[in-house]
Amino acid sequence: MGYDFKEIEDKWQAYWAKHQTFKVSNHSEKPKFYILDMFPYPSGAGLHVGHPLGYIASDIYARFKRHKGFNVLHPQGYDSFGLPAEQYAIQTGQHPAKTTQDNITRYRTQLDQMGFSFDWSREVRTSSPDFYKWTQWIFLLLFDHYYCNESNRALSISSLIDRFDKEGNQKVNAVSDGKIPLFSASEWSTFNMSQQQEILLGYRLTYLSDTEVNWCADLGTVLANDEIINGVSERGGFPVTKKKMKQWSMRISAYAERLLQGLERIDWPESLKEMQRNWIGKSIGAKVFFEIKGSDKKIEVFTTRPDTIFGVTFMTLAPELDLVQEIVQPDQKEAVDAYINETKQRTQRERMADVKNITGVFTGAYVLHPFTGDRIPIWIGDYVLADYGTGAVMAVPCGDQRDYDFANQFDIPIKNIFKDVSIEKEAYTDKANTIIAHSDFLNGLTYKEAMNKVIKVLEEKGSGAGTINYKLRDAVFSRQRYWGEPIPVYYKNGMPQPLSLQDLPLNLPEVEHYLPTPEGAPPLGNAQDWAWDEKARKVVANSAIDHKTVFPLELNTMPGWAGSSWYFYRYMDAQNSDTFVSDEAKNYWQDVDLYLGGSEHATGHLLYSRFWQKFLFDLNLLPVDEYAKKLINQGMILGTSAFIYRKPGTQIYVSKDLLKSDINYEPIRVDVNLINASDELNVEGLKKWQPQFENAEFEFSDGIIKVGREVEKMSKSKYNVVNPDEICEQYGADTLRMYEMFLGPLEQAKPWNTAGMSGVHNFLRKFWKLFYQNDSLIVTDAVPDKKALKVLHETIKKITVDIESFSFNTCVSSFMICVNELTSLNCHSIEILKPLTVLLSPFAPHLSEELWEKLGYTESIVEASFPVFNEAFLVEDEKNYPVSFNGKMRFTLSLSLALDNEAIQQAVLDDPRTMEYLDGKAPKKWIVVPNKIINIVF
RNA sequence: GCCUUGGUGGCGGAACUGGUAGACGCGCUGGAUUCAAAAUCCAGUUCUUUCGGGAGUGUGGGUUCGAUUCCCACCCAAGGUACCA
């Protein structure tokens with residue numbers, strides 16, 4: 001019978017389920033280790049072979065850590081709110097909850113058959129009211145806090161109100177939306193409730209505002225910046241335009257500096273940290289005020305080059321700024337309005353694609369230079385972005401290429417303020433070699449000196465100050481969707497009123513249709529029962545709204561990243577109905593030790609979750625302010641799509657090797673499952689696959705049709721999906737697990753191919769044969785010989801080091817070498833096979849459990865401790881040391897493994913070649929390359 | 001353009017802090033077993049060669065007794081980002 005993986009895997013999966021083998025406790029004498037996977041969105045297509053890659057890796061590590069004596073938290077759950085279920089609901093009327101449940105069931109079956117050691121008793125689902133109750137609660141906390149710059153943390157709104165009552169807001173240094181006027185304590189007391197609420201909203205960490213948002217008409221919703229790729233929606237590829245809407249936003253910008261600093265303390269991939277740094281986009285510079293000529297108003301600009309202030313020859317404003325309307329002169333008004341209209345017409349995408357075309361228009365107005373008092377013309381131009389800095393730039397054409405080009409386009413003078421530098425052809429942007437000239441008190445200074453000096457003078461003069469700017473924008477939090485967390489807020493006199501914890505969860509209402517209402521309100525506008533009774537504190541029918549005690553509830557829902565921003569703490573205490581996570585659980589588990597997931601979440605989930613973490617940390621609700629110590633990005637497994645080539649205008653398909661270069665064939669994707677290992681098409685299968693091929697004709701090459709292949713993302717629509725179920729069926733889960741690891745380095749993207757599968761499967765069968773011959777156990781209790789022990793201990797060392805550094809692909813190789821050597825040594829000793837079984841169990845847990853039981857151990861192999869290698873067995877056989885000589889060599893370093901071994905030294909000295917070579921002299925220094933060469937210096 | 005990562009046989013990929021480049025697997029070639037096939041086992045497999053060797057880790061330089069590894073310049077690929085003042 002041999003290695004019957006089917007029977008073995010079924011047996012042990014049932015055993016693990018029955019004994020709750022992987023259930024973990026929140027108390028233990030053992031040290032803790034928390035291994036987290038990014039939880040999946042349960043899509044209708046089920047898992048393909050790419051999904052489990054990261055789960056296999058984390059499972060190997062989890063099992064390894066258990067063997068090493070850690071109490072391991074290794075949970076799994078579902079990111080189960082999302083657009084696909086909702087779109088499916090729109091098409092079919094099927095409730096998204098139902099679709100989601102079906103998909104989860106399918107996912108669970110697939111995950112279970114791969115033998116993962118998840119503790120399913122801690123499963124979470126973001127769409128479950130037990131879970132989103134706490135997501136809503138965190139929203140309320142954000143609503144109830146503001147960011148205090150003095151203490152550099154979030155503080156409660158009530159403490160802000162106290163300060164307003166006592167001293168107004170003049171001395172308050174807090175992050176706000178910047179439009180709040182200064183007021184005294186007595187003024188504050190004269191404001192009515194609505195006015196006060198309006199002001200407070202400007203400070204809250206989640207706030208309502210008129211925001212220019214990315215509107216996607218085809219999806220009927222707002223998108224975050226990271227949901228837009230190249231100006232079109234990430235999902236569906238629909239155009240995105242700008243639109244002003246009342247939206248909830250999260251004041252993530254308050255945490256910009258701490259999000260940046262925190263990166264220094266976490267072990268995440270450098271490329272990912274760099275992405276976050278760029279996204280946060282810190283730049284150091286100065287703000288400078290320019291007085292508008294003939295007005296008492298000032299224009300504030302942000303610049304990173306205040307040292308070049310004497311080179312300013314014009315100013316440019318973003319066309320969208322309200323200020324433009326205030327300053328535009330009558331004789332330029334027509335031109336300015338025309339220009340503004342023109343820019344509004346163009347989508348963001350067109351504007352981005354059209355970088356080279358320089359456009360702009362003069363407003364007719366002037367500002368005054370803060371030092372020279374010169375008159376400086378104000379232009380508008382779409383190269384200036386309204387939402388970065390102040391939307392206004394001081395243009396220094398000699399020092400900035402865009403300003404230079406703009407000046408040339410419109411014949412604006414260019415003033416050279418750099419010493420001994422030509423700016424005939426282009427602007428001079430090299431900061432490091434800058435010496436300032438023609439700049440009054442800055443003459444002769446370097447960039448750094450001039451920068452410090454000018455900031456000092458600006459501050460003394462009250463015309464500016466050193467400042468720091470970030471690209472990071474506040475995150476829009478409202479989505480016009482049904483299948484998301486309801487925002488726990490109702491509206492009273494137009495002002496948002498938060499629910500409180502005891503009102504939660506605010507359950508998603510039932511609706512008839514999942515589309516926006518005919519009036520254009522979000523889908524929740526279709527609900528019959530979506531009003532809040534303030535007295536009874538419960539949801540009631542809309543018809544009861546009286547605006548005295550019953551009010552309308554918020555119609556927007558939360559974005560996809562809400563639930564995923566904190567789910568990893570819920571796993572610690574998933575069943576708790578009193579609190580989001582108990583003190584006991586969070587103090588024990590603290591944080592995630594290893595987080596595995598894709599790098600595509602770099603500027604989305606992985607940034608937002610760090611933000612919430614820091615916020616909850618400020619409130620003393622979480623013990624640490626970075627939740628994941630180490631993060632690894634597993635690479636994507638790509639699909640290899642197959643193409644057949646159709647002669648244009650015919651139903652004739654031509655084998656790839658017969659294609660003629662003068663004909664434009666139409667490549668057509670076909671299902672990869674119709675292709676064999678030699679890229680040959682299953683013609684009969686194709687005819688049955690889709691009706692369009694029923695009457696297809698073929699131009700064969702030697703009776704076969706060769707297909708073209710291309711590596712691209714694995715996706716249902718590209719017909720290149722390979723399903724893990726079939727592989728498990730054919731080779732077993734253990735083979736699949738090992739093979740996915742063997743495919744290449746974990747972090748690298750790699751195309752899926754099954755070519756090497758048989759090699760890995762063969763290895764497992766050979767492993768089996770170390771224990772069995774003709775179906776009977778051949779394990780002996782004979783004392784193993786030295787060679788076998790050496791093989792074992794080399795393998796233990798290699799596997800230990802490789803698992804710790806996540807090189808799982810080389811582990812598989814080491815196993816293969818080990819088994820091959822033991823086979824040729826004919827070694828079946830239990831003293832070798834027992835540790836080997838433990839060694840293998842993270843990779844092939846089913847097979848290992850089976851063999852473990854056969855070796856006579858009653859407890860599960862999960863309990864076994866990982867073998868420790870013994871250095872003694874690793875020392876090379878002395879006589880096999882090859883000795884090489886090179887008289888001219890002079891060595892400065894000494895590598896020292898076997899140097900201390902006198903037997904080795906003596907063996908080398910006794911070698912006739914050494915004696916001839918040394919000619920009686922004593923060696924000064926030994927250079928030993930471990931296991932390889934000895935060089936002697938004298 | 002900028003940032004990050006990478007470039008090694010026919011293929012996936014090894015090579016620890018510089019130390020016999022190509023481990024391991026796939027594929028291929030030959031052999032054993034078999035009536036035959038599958039499966040299994042054994043041997044070979046970087047290129048080149050006049051069989052002594054010679055060349056070789058994207059390209060060109062450099063440091064070193066010695067470089068896939070370190071330094072400089074360049075080329076290519078993937079991912080990210082893009083008028084950020």
Side-chain angles (χ1 to χ4, degrees), chain A residues 2 226 229-230 269-279 281-283 285 301-306 308 315-316 318 351-352 354-358 381-385 387-396 399-403 405-406 469-473 599-600 602-603 633 635-636 638 677-678 711 738-739 742-745 747-763 765-766 769 797-798 801-802 805 807 809-818 820 823-824 882 884 886-893 895 927-935 937:
Chain A
D226 55 277
I229 311 284
N230 291 330
E270 196 44 50
S271 60
L272 194 141
K273 288 207 251 184
E274 198 59 32
M275 270 189 237
Q276 291 207 346
R277 282 189 201 108
N278 291 338
W279 196 260
K282 178 179 186 175
S283 46
V301 301
F302 172 74
T303 176
T304 53
R305 296 296 303 274
T308 63
M315 172 173 283
T316 317
R351 234 166 113 170
M352 270 162 57
D354 194 17
V355 171
K356 281 181 202 122
N357 210 347
I358 299 159
D382 69 0
Y383 81 96
V384 177
L385 304 176
D387 55 359
Y388 180 76
T390 60
V393 300
M394 58 173 232
V396 184
D400 182 284
Q401 193 58 42
R402 290 155 308 170
D403 297 345
D405 295 339
F406 194 88
N469 212 343
Y470 300 91
K471 272 198 274 186
L472 186 67
R473 310 283 148 75
S599 62
E600 65 271 22
T603 53
N633 291 130
M636 215 186 314
L638 303 164
S678 323
V711 172
M738 286 199 96
Y739 184 61
F742 186 62
L743 219 46
E747 298 174 47
Q748 215 171 73
K750 47 212 167 253
W752 176 259
N753 74 79
T754 46
M757 189 81 73
S758 62
V760 173
H761 190 63
N762 244 337
F763 155 74
R765 281 165 45 190
K766 282 186 189 170
K769 283 189 194 165
K797 177 161 190 183
K798 192 81 178 44
V801 170
D802 283 350
S805 59
S807 329
N809 54 330
T810 55
C811 285
V812 182
S813 296
S814 306
F815 277 125
M816 288 175 174
I817 295 168
C818 175
N820 280 339
T823 304
S824 62
S884 81
N886 185 339
K888 289 180 204 126
M889 291 178 187
R890 296 212 317 267
F891 293 88
T892 50
L893 64 130
L895 306 167
I927 308 299
V928 177
V929 179
N931 299 341
K932 283 174 185 166
I933 305 173
I934 298 175
N935 291 295
V937 186

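Chain naming here is simple, since letters A, B, ... match the order of the sequence lines and numbering starts at 1 in each. Computed from a prediction, not measured in an experiment: that's the story for all the values here.
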Please report the distance separating the [atom1] of [N] from the corresponding atom of [M], rounded so that it comes out in whole Å.
{"N": "B:G27", "M": "B:G12", "atom1": "P", "value": "15 Å"}
{"N": "B:G22", "M": "B:A73", "atom1": "P", "value": "32 Å"}
{"N": "B:A38", "M": "B:G19", "atom1": "C1'", "value": "46 Å"}
{"N": "B:A14", "M": "B:U57", "atom1": "C1'", "value": "12 Å"}
{"N": "B:G56", "M": "B:G66", "atom1": "P", "value": "15 Å"}
{"N": "B:U33", "M": "B:A37", "atom1": "P", "value": "12 Å"}
{"N": "B:G1", "M": "B:G54", "atom1": "P", "value": "43 Å"}
{"N": "B:U81", "M": "B:C74", "atom1": "C1'", "value": "24 Å"}

Look for any protein N or O under 3.5 Å of an N or O in nucleotides 26-34 of chain B and output each such pair with its distance, or none.
residue, atom, partner, partner atom, Å
B:C26, O2', A:Ala755, O, 3.3

For [N], the Watson-Crick or wobble counterpart (both distances under 3.5 Å):
{"N": "B:A67", "answer": "none"}
{"N": "B:U4", "answer": "B:A78"}
{"N": "B:A21", "answer": "none"}
{"N": "B:G10", "answer": "B:C26"}
{"N": "B:G56", "answer": "none"}
{"N": "B:A37", "answer": "none"}

Phosphate-side-chain proximity, [X] and [N], N/O vs OP1/OP2 below 4.0 Å:
{"X": "A:Gln748", "N": "B:G13", "value": "yes"}
{"X": "A:Ser283", "N": "B:A85", "value": "yes"}
{"X": "A:Tyr388", "N": "B:A85", "value": "yes"}
{"X": "A:Arg765", "N": "B:U40", "value": "yes"}

[X] [atom1] to [N] [atom2]: how many Å, rounded?
{"X": "A:Tyr739", "N": "B:G12", "atom1": "OH", "atom2": "P", "answer": "12 Å"}
{"X": "A:Phe302", "N": "B:C84", "atom1": "CZ", "atom2": "P", "answer": "12 Å"}
{"X": "A:Leu272", "N": "B:U4", "atom1": "CG", "atom2": "C1'", "answer": "11 Å"}
{"X": "A:Arg277", "N": "B:C3", "atom1": "CZ", "atom2": "P", "answer": "14 Å"}
{"X": "A:Glu747", "N": "B:G13", "atom1": "CD", "atom2": "P", "answer": "14 Å"}
{"X": "A:Arg402", "N": "B:A82", "atom1": "CZ", "atom2": "C1'", "answer": "11 Å"}
{"X": "A:Leu743", "N": "B:G13", "atom1": "CG", "atom2": "P", "answer": "8 Å"}

Please compare A:Asp802 and A:Gly391 by the position of their nearest nucleotide in RNA chain B and report the one closer to 5'.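 Residue closer to the 5' terminus by nearest nucleotide: A:Asp802.
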Name the residue closer to the 5' end of RNA chain B, choosing between A:Thr390 and A:Lys750 according to the nucleotide with the nearest heavy atom.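 Its nearest nucleotide being more 5', the pick is A:Lys750.
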Salt bridge A:Asp387-A:Arg473, side-chain N to carboxylate O under 4.0 Å: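 Yes, A:Asp387 and A:Arg473 are salt-bridged.
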Would you say A:Lys750's side chain and A:Pro745's backbone share a donor-acceptor pair under 3.5 angstrom?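 Yes, A:Lys750 side chain to A:Pro745 backbone: donor-acceptor pair under 3.5 Å.
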Is A:Asp400 reaching over with its side chain to a backbone N or O of A:Asp403, donor-acceptor style, under 3.5 angstrom?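 Pair found, side chain donor or acceptor close to backbone of A:Asp403.
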Regarding [X], tell me which of base, sugar-phosphate or nothing describes its non-hydrogen contacts under 4.0 Å with the strands shown.
{"X": "A:Lys766", "result": "sugar-phosphate"}
{"X": "A:Glu270", "result": "nothing"}
{"X": "A:Pro745", "result": "sugar-phosphate"}
{"X": "A:Ser271", "result": "sugar-phosphate"}

Glycosidic conformation of B:G9, syn or anti, with 90° from 0 as the boundary?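 Chi for B:G9 falls in the syn range.
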Would you call B:G18 syn or anti, using the 90° rule around 0? anti
Assign the ring pair A:Phe302 / A:Tyr388 to parallel, tilted or perpendicular, where the plane angle (0 to 90°) is split at 30° and 60°. perpendicular
Between A:Trp752 and A:Tyr739, what is the ring plane arrangement, given parallel below 30°, perpendicular above 60°, and tilted in between? perpendicular
Nucleotide N/O to protein N/O under 3.5 Å, stretch nucleotides 8-11 of chain B:
none

Provide the closest heavy-atom pair for A:Ala602 versus A:Gln276 in the form atom of the first, atom of the second, distance.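 Nearest heavy atoms, A:Ala602 then A:Gln276: O-NE2, 2.9 Å.
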What pair of heavy atoms forms the shortest contact from A:Ser283 to A:Thr304, and how long is it? CB-CG2, 3.9 Å
Regarding A:Asp405 and A:Tyr383, do their side chains bring together a donor and an acceptor under 3.5 Å, going by distance alone? no
If we count only N and O atoms by modelled type, under 3.5 Å, do the side chains of A:Thr810 and A:Asp802 hold a donor and an acceptor together?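 Note: A:Thr810 and A:Asp802 side chains meet the donor-acceptor criterion.
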Can you figure out which of [options] approaches the side chain of [X] most closely?
{"X": "A:Val384", "options": "B:C24, B:A85, B:G13", "answer": "B:A85"}
{"X": "A:Glu274", "options": "B:A85, B:C24, B:U4", "answer": "B:U4"}
{"X": "A:Trp279", "options": "B:A85, B:A14, B:U81", "answer": "B:U81"}
{"X": "A:Ile817", "options": "B:A23, B:G12, B:C84", "answer": "B:A23"}
{"X": "A:Asn820", "options": "B:C83, B:C3, B:G25", "answer": "B:G25"}

Taking only residues two or more places apart in sequence or in another chain, which ones pass salt bridge (Lys or Arg N to Asp or Glu O under 4.0 Å) with A:Lys273?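 In terms of salt bridge (Lys or Arg N to Asp or Glu O under 4.0 Å), with neighbours along the sequence ignored, A:Lys273 is linked to no residue.
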Qualifying residue for side-chain contact (heavy atoms from CB on, under 4.5 Å) with A:Phe406, from A:Val393, A:Val384, A:Ile358: A:Ile358
Minimum side-chain heavy-atom gap A:Val301-A:Met315 below 4.5 Å: yes
Worked verdict on A:Cys811 versus A:Phe742 for side chain to side chain contact (heavy atoms under 4.5 Å, CB included): CA-CA 8 Å; A:Cys811 285; A:Phe742 186 62; over 6 Å; no
